[in-house]
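Each residue takes its place number in the sequence, starting with 1.
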Amino acid sequence: MGANILNAGGFGDTKHHETEQLAESIEKADGFAQVFPEHKFHIIDVLQKRGHIVGMTGDGVNDAPALKKADCGIAVSGATDAARAAADIVLMTTGLTVIIDAIKESRKIFQRMNSYAIYRIAETLRVLLLMTFAILIFNFYPMTAVMIVILALLNDGAILSIAYDNVHYKDKPEAWNMHMVLGVATVLGVIGVISAFGLFYLGERVFHLDRAHIQTLMYLKLSVAGHLTIFLTRTRGPFWSIRPARILWVAVLGTQIVATLLAVYGVFMTPLGWGWAAFVWGYALVWFLVNDRVKLLAYRVFDPTAAPLLVKKQADAKPAPADMTQQIAKRAYELYEQGGRQGGHAVEDWEQAEREVRKK
């Protein structure tokens, strides 16, 4: 933190006048001292008008207007009811370092939402395009209405577990990149349709199966390939770059065991047998590996400026001078956690973290 501290004397009567020089001073200031509640509101307003995203902490009734004005108002532990009502986040423990936990968790949630959006769009395109083209071109219904219902139920049961999946968050704030989300999802969805029609061709023209067996074949393929797509959309690197959470493994494995048994023994559909079920699994796994490589190319096309997301960073990379404060804050938080999250040692933790980081 720098030494450019702006005190209340530099604000004057903010209700009647505001100069460009004052706004510039507020933006360049490293900190503020001895300010009144109306000054806090004014500082936030000036920073927002200049394009900044502003967060603020407070605990008193007088802080409520500024907390409400801020993009992220944070009421600290022991804050008044008015401050809690105006804030976006209410801290339940002493100290400010718990804010880091909130930031980490929110960025993890964002990554899971991003993965879910790509998966859901891709899967919807896959089913809709397959059904539409099969009916219009081949006059063939690839799945019955009961199969579609079972497929939807099993998909929803597995995708719920993504809320507890392991993810790696980015160090900088993120925003929705719908161009990237729609682009990657469309690529995965179209590739899925191509692979489905490939299986349809093999079943009808190569193996000469009847249409009833082909329907069961298509159902099992969509179910298996759809659940494998979850493991594609959850990372921006190769599918093995982050280990899935156990609950995700269990959910996907459980639903696919049910789907396979339904297809093999012909529950609500024509029985397929274990041999054809194994063939569908092998076919889906081969396309899964192909889709993983296609996904990497799609990210390069639709988001070429970003580094691979959700990939572990090199532990031995030395921070640049501009990132020094961020590294110090991260180390200070680690010391805070090691100390049992006890308050009152923030200054000591920061000084120790600064010494450790600058030695590297």
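I150 places a side-chain heavy atom less than 4.5 Å from the side chain of Y219. You'll find the side chain of T144 stays beyond 4.5 Å of the side chain of M269, heavy atoms only. Between I242 and V167, the closest side-chain pair of non-hydrogen atoms is not below 4.5 Å. Put simply, the side chain of I43 does not reach to within 4.5 Å of the side chain of M56, judged on heavy atoms. At least one side-chain heavy atom of E27 sits less than 4.5 Å from a side-chain heavy atom of R50. Counting heavy atoms from C-beta outward, N155 and I159 have side chains that stay 4.5 Å or more apart. The side-chain heavy atoms of D210 and E204, taken from C-beta on, include no pair separated by under 4.5 Å. No side-chain heavy atom of F268 sits less than 4.5 Å from a side-chain heavy atom of M147.
When all heavy atoms of P238 and S241 are compared, the pair lying nearest together is O-OG, 2.8 Å. Heavy-atom minimum distance, T255 versus A158: OG1-CB, 3.9 Å. Taking both residues in full, the closest heavy atoms of I162 and R112 are given as O-CD, 3.3 Å, listed atom of the first, atom of the second, then distance. The shortest non-hydrogen separation linking K221 to Y283 is CE-CE2, 4.3 Å. In this structure, L272 and A277 approach most closely via the heavy-atom pair CD2-N, 4.2 Å. The shortest non-hydrogen separation linking A122 to L188 is CB-CB, 4.0 Å.
The backbone N or O of T270 lies less than 3.5 Å from a partner atom in the side chain of T216, making a donor-acceptor pair. A donor-acceptor distance shorter than 3.5 angstrom exists from the side chain of D88 to the backbone of G73, with no hydrogens or angles considered. Remark: side-chain polar atoms of D292 are not paired, donor with acceptor, to backbone N or O of L289 under 3.5 angstrom. No side-chain donor-acceptor contact under 3.5 Å links R234 to the backbone of Y116.
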### Pair L151-V127, side-chain contact (heavy atoms from CB on, under 4.5 Å): steps then yes or no
CA-CA 10 Å; L151 181 68; V127 175; 4.2 Å; yes
### Residues D59, T80; criterion side-chain contact (heavy atoms from CB on, under 4.5 Å); working and verdict
CA-CA 6 Å; D59 61 353; T80 61; over 6 Å; no
### Message
One pair to check against side-chain contact (heavy atoms from CB on, under 4.5 Å): I230 and L248. What are the steps and the verdict?
### Response
CA-CA 9 Å; I230 297 175; L248 182 63; 4.1 Å; yes
### Candidate pair N291 and T229, rule side-chain contact (heavy atoms from CB on, under 4.5 Å), full reasoning
CA-CA 9 Å; N291 285 340; T229 303; 5.5 Å; no
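A donor-acceptor pair shorter than 3.5 Å cannot be found between the side chains of H168 and Q111. In this structure, a donor-acceptor pair under 3.5 Å is absent between the side chains of W240 and T235.
Annotation: cation-pi geometry satisfied between R211 and F140 (NZ/CZ under 6.0 angstrom from ring centroid, within 45° of ring axis).
Taken to the nearest 0.5 Å, the CE atom of M92 stands 7.0 Å off from the OG atom of S77. Between the NZ atom in K40 and the NE2 atom in H42 there is a gap of 15.0 Å [rounded to 0.5 Å]. Between atom CD1 of residue I89 and atom OG1 of residue T57 there is a gap of 11.5 Å, rounded to the nearest 0.5 Å. A distance of 10.5 Å separates CG in L209 from CZ in F200, rounded to the nearest 0.5 Å. From T186, atom OG1 reaches atom CD1 of I191 across 11.5 Å, with rounding to the nearest 0.5 Å. Between the CD1 atom in I137 and the OG1 atom in T132 there is a gap of 10.0 Å [rounded to 0.5 Å].
Within 6.0 Å of the CG atom in L136, the count of heavy atoms belonging to other residues, nucleotides or ligands exceeds 12.
Both L220 and I194 are members of a single hydrophobic cluster when ILVMFWY side chains are connected at heavy-atom separations under 4.5 Å. In the hydrophobic clustering of ILVMFWY residues, with side-chain heavy atoms under 4.5 Å counting as a link, L217 and V286 come out apart. Under a hydrophobic-cluster definition in which Ile, Leu, Val, Met, Phe, Trp and Tyr are linked whenever side-chain heavy atoms come within less than 4.5 Å, directly or via other members, I109 and I103 are assigned to different clusters. I74 and V61 are assigned to two separate hydrophobic clusters, defined by single-linkage of ILVMFWY side chains at heavy-atom distances under 4.5 Å.
The six-membered or imidazole ring of F133 lies away from that of F138, with a centre-to-centre distance of 6.0 Å or more. Remark: aromatic rings of F32 and H39 are distant, center separation not under 6.0 Å. The distance between the ring centers of W176 and F110 falls below 6.0 angstrom. Between F231 and W249, the distance separating the two ring centers is shorter than 6.0 angstrom.
Residue T260 forms a side-chain hydrogen bond (donor to acceptor under 3.5 Å, both in side chains) with just one option from W281, Y265, W274, and that option is W281.
Ring geometry, F279 versus F207: the interplanar angle exceeds 60°, so the pair is classed perpendicular (tilted spans 30 to 60°).
Applying the salt bridge (Lys or Arg N to Asp or Glu O under 4.0 Å) definition to pairs two or more places apart or across chains, those involving residues 69-82 are D45-K69.
The pair K108-D165 does not meet the salt-bridge criterion, since no charged nitrogen lies less than 4.0 angstrom from a carboxylate oxygen. No salt bridge links R120 with E123; every basic N to acidic carboxylate O contact stays at or beyond 4.0 Å.
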